[in-house]
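Numbered from 1 within each chain, the chains take letters A, B, ... in sequence-line order.
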2 protein chains.
Amino acid sequence: MKTITLKQIAEELNISVTTVSKALKDYPDVSKKTRQRVLDLAKDLNYIPNSFAVSLRMQQSKTIGVIVPATVHHFFSNVIKGILKEAEKKDYLVILLHSNENYELEKKQVDLLISKGVDGILISLSNKTNNFEHLQKIIDHDIPLVLFDKIAKTVKCSKVIVDDRKAAYDVVSHLIKKGHRRIAHFRGDLNPQNSIDRFLGYKQALLDHDIDFDPTLVYMCNNNSDFEDGYSNAEKLLKDHGKTIDAIFTITDVIAIGIIKYFTDHNIKIPEDIALFGFSNWFMASVISPALSSVEQHGYEMGEKSAHIVFQEIDSKHNDMPIEPQIVVLPTELIIRDSC
Amino acid sequence: MKTITLKQIAEELNISVTTVSKALKDYPDVSKKTRQRVLDLAKDLNYIPNSFAVSLRMQQSKTIGVIVPATVHHFFSNVIKGILKEAEKKDYLVILLHSNENYELEKKQVDLLISKGVDGILISLSNKTNNFEHLQKIIDHDIPLVLFDKIAKTVKCSKVIVDDRKAAYDVVSHLIKKGHRRIAHFRGDLNPQNSIDRFLGYKQALLDHDIDFDPTLVYMCNNNSDFEDGYSNAEKLLKDHGKTIDAIFTITDVIAIGIIKYFTDHNIKIPEDIALFGFSNWFMASVISPALSSVEQHGYEMGEKSAHIVFQEIDSKHNDMPIEPQIVVLPTELIIRDSC
DNA sequence: TTGTAGGCGTTATCAT
DNA sequence: ATGATAACGCCTACAA
């Protein structure tokens with residue numbers, strides 16, 4: 001099937017390219033008759049505008065770029081879903097890139113996206129990213145940028161996040177209210193803000209309830225397999241502290257599931273011996289035994305909202321009425337199940 | 001930051017655009033000195049070629065499109081990961097689209113992809129798709145097309161699949177060898193080939209082992225929540241057949257997990273009372289109790305391979321040496337755990 | 001109401 | 001070794 005251009009339609013109809021173009025775009029200054037002839041033939045020939053030409057001419061691509069560490073996490077899958085849904089509504093296409101938690105890759109992908117002329121960019125930062133020049137570059141190029149979930153506070157752009165600190169605070173407060181006092185925390189990498197914020201929320205909750213913070217109760221999970229981290233740290237925890245521990249708050253459901261596995265294997269009862277609270281409310285949390293209490297993060301909504309904001313910024317940039325970056329904090333919810 | 005074009009570099013250096021372009025592309029007919037001056041300035045100015053112009057000129061976008069029903073399934077996440085990895089290697093970008101198991105949407109998205117001028121398209125068909133005109137359109141446009149996992153046998157293009165029939169056959173044979181005779185099958189929608197093939201494998205295995213096929217042992221899972229389907233059909237199965245059932249083979253791990261939940265809730269022992277075999281080897285399969293036996297489908301490799309093939313086809317199209325569609329059947333593996 | 005002409009940024013052909 | 005020119009396909013200000 002040969003690709004149809006305006007020129008071919010024009011020749012066929014013995015009119016100018018201009019008129020064809022105008023007819024197709026519903027310009028008022030085309031006679032009804034001509035317009036109809038053009039429309040008919042275009043449909044007949046299955047005319048599709050060449051988007052490269054349009055983009056070149058219009059300086060916009062109707063495409064946005066998205067960079068996430070990975071989509072194998074249920075949370076990000078949901079975010080992507082929200083983004084795609086929103087893009088679909090606006091007739092935008094989405095270019096998806098995985099940084100694989102790799103800063104260099106993330107940087108390269110930003111360059112790629114810029115060079116592709118995407119109209120906007122959404123990023124959830126890799127855990128390894130602590131240099132933000134590449135983000136600044138996006139801003140310098142005047143491309144709307146929205147950071148979501150894993151953000152950099154210092155970068156001047158819109159952000160969509162969850163109040164990790166508060167969520168963690170709520171979790172630990174809940175645990176304390178349930179009577180637990182020796183509460184361990186399985187945290188994530190030192191770098192990403194989420195990990196820090198959740199840790200801070202944990203600490204604050206202890207403080208506010210007059211429980212001394214004990215650093216030996218904090219375990220680091222960073223060997224790239226959350227499940228393994230949970231399993232092995234559960235073992236370590238027991239070795240270190242025996243059963244003096246009342247509860248564990250994990251930074252991620254998968255870590256909690258690793259713990260469940262270890263506890264099940266070693267006959268430790270949840271929540272009787274040790275209570276457990278996860279984070280992210282992964283689908284599995286509701287399904288595993290015991291059903292895992294967790295924090296719902298509303299990934300889908302985060303995707304929707306993030307996309308919504310870039311589109312807003314794209315539109316207002318187009319109208320020459322640039323708007324200020326906005327920071328949206330999505331609510332979280334404690335989902336209480338059987339594990340605490 | 002203003003966008004830099006060849007023209008600007010040319011003016012700055014007082015040479016022609018042509019020379020700048022050549023210098024940047026390492027043409028041999030540019031003096032060393034000129035080339036260096038161009039290269040330096042380009043780097044200095046942070047020159048990025050305008051990809052619309054390049055695409056328009058070159059008639060290729062260095063972009064491929066991917067349509068999947070959804071990525072919230074672990075399997076597809078893995079496929080996507082494989083595709084992105086492969087694309088990254090070839091410096092291609094990937095436009096991701098979700099059909100949401102919706103034929104109309106799938107069709108629309110194909111049009112979008114065509115109009116965007118992607119160099120190749122990968123699709124895993126929606127369950128609702130049983131008209132393939134949109135695929136034919138892709139082929140007519142001479143755009144390399146690869147179908148993976150959920151394919152249409154009659155469409156003349158490359159395909160990457162798994163031998164679902166054999167995999168199912170192997171599962172059921174294994175179950176029979178273990179001594180089970182009354183084996184139920186929780187199958188999927190009637191439409192997708194996979195569902196049919198797995199059912200056929202199930203039936204064939206029974207036949208080959210002299211077990212009568214009993215249609216009342218086959219349950220349909222199609223209300224869009226696999227977990228719920230598993231749970232409710234487990235209930236139905238027990239109501240219909242009591243504990244005369246030896247084993248259940250499910251078309252998907254999530255269905256099996258629904259069953260596990262129901263059985264756990266109702267004190268039915270797996271595998272003592274009823275054995276269980278899943279499909280897809282979702283991460284959770286290894287982690288749930290009892291650990292679920294399943295079929296490893298190698299999603300990541302499927303993604304890699306599919307992408308590899310489109311790139312092959314794109315390249316050979318470019319060299320005017322079109323190649324024949326190929327059909328790749330990836331091996332599957334029975335992963336035996338505790339549930340059978 | 002219709003058409004001409006210029007330009008978006010790049011690349012390729014052909015002169016010089 | 002360098003450059004003028006045309007072309008990719010589309011849009012739009014301006015002329016006719």
(request) Kindly state which residues belonging to residues 35-44 of chain A come within less than 4.0 angstrom of DNA chain C, counting heavy atoms of the residue only, listed by number. (result) none
In whole Å, what is the span from the [atom1] atom of [X] to the [atom2] atom of [N]?
X	N	atom1	atom2	answer
Lys62(B)	dT10(C)	NZ	C1'	16 Å
Lys32(A)	dT1(C)	NZ	P	10 Å
Gln8(B)	dC8(C)	CD	P	10 Å
Glu11(A)	dG3(C)	CD	C1'	15 Å
Lys22(B)	dA4(D)	NZ	C1'	11 Å

Establish, with yes or no, whether the OP1 or OP2 oxygen of [N] is under 4.0 angstrom from a side-chain nitrogen or oxygen of [X].
X	N	result
Thr19(A)	dT1(C)	no
Thr34(A)	dT2(C)	yes
Ser16(A)	dG3(C)	yes
Tyr27(B)	dA12(C)	yes

(request) Taking only the side-chain heavy atoms of Thr18(B) (C-beta and beyond), determine which of dT2(D), dT1(C), dG3(D) contains the nearest atom. (result) dG3(D)
Partner residues of [X] under the side-chain hydrogen bond (donor to acceptor under 3.5 Å, both in side chains) criterion, sequence neighbours left out:
X	answer
Ser99(B)	none
Asn130(A)	none
Lys116(B)	Thr63(A)
Asp315(B)	Lys90(B)

(message) Taking NZ in Lys85(A) as the centre, count heavy atoms belonging to other residues, nucleotides or ligands within less than 6.0 Å. Is the count above 12?
(response) no
(request) With sequence neighbours left out, write down each residue that passes side chain to side chain contact (heavy atoms under 4.5 Å, CB included) with Thr19(B), or none if nothing qualifies. (result) Ile15(B), Ser16(B), Val30(B), Thr34(B)
(request) Not counting sequence neighbours, which residues clear side chain to side chain contact (heavy atoms under 4.5 Å, CB included) with Glu88(A)? List them please. (result) Leu105(B), Lys108(B), Gln109(B)
Sort me out a list of protein N/O and nucleotides 8-10 of chain D N/O pairs below 3.5 Å, or just none if empty.
from    : atom 1 : to       : atom 2 : distance (Å)
dC8(D)  : O3'    : Gln59(B) : NE2    : 3.3
dC10(D) : OP1    : Tyr47(A) : OH     : 2.6
dC10(D) : OP1    : Asn50(A) : N      : 3.3
dC10(D) : OP2    : Leu6(A)  : N      : 2.7

(request) Answer yes or no: is there an ion pair linking Asp111(B) with Lys137(B), defined by an N-O contact shorter than 4.0 Å? (result) yes
(request) List in chain and number order the residues that pass salt bridge (Lys or Arg N to Asp or Glu O under 4.0 Å) with Lys62(B), two or more places apart in sequence or in another chain; answer none if no residue qualifies. (result) none
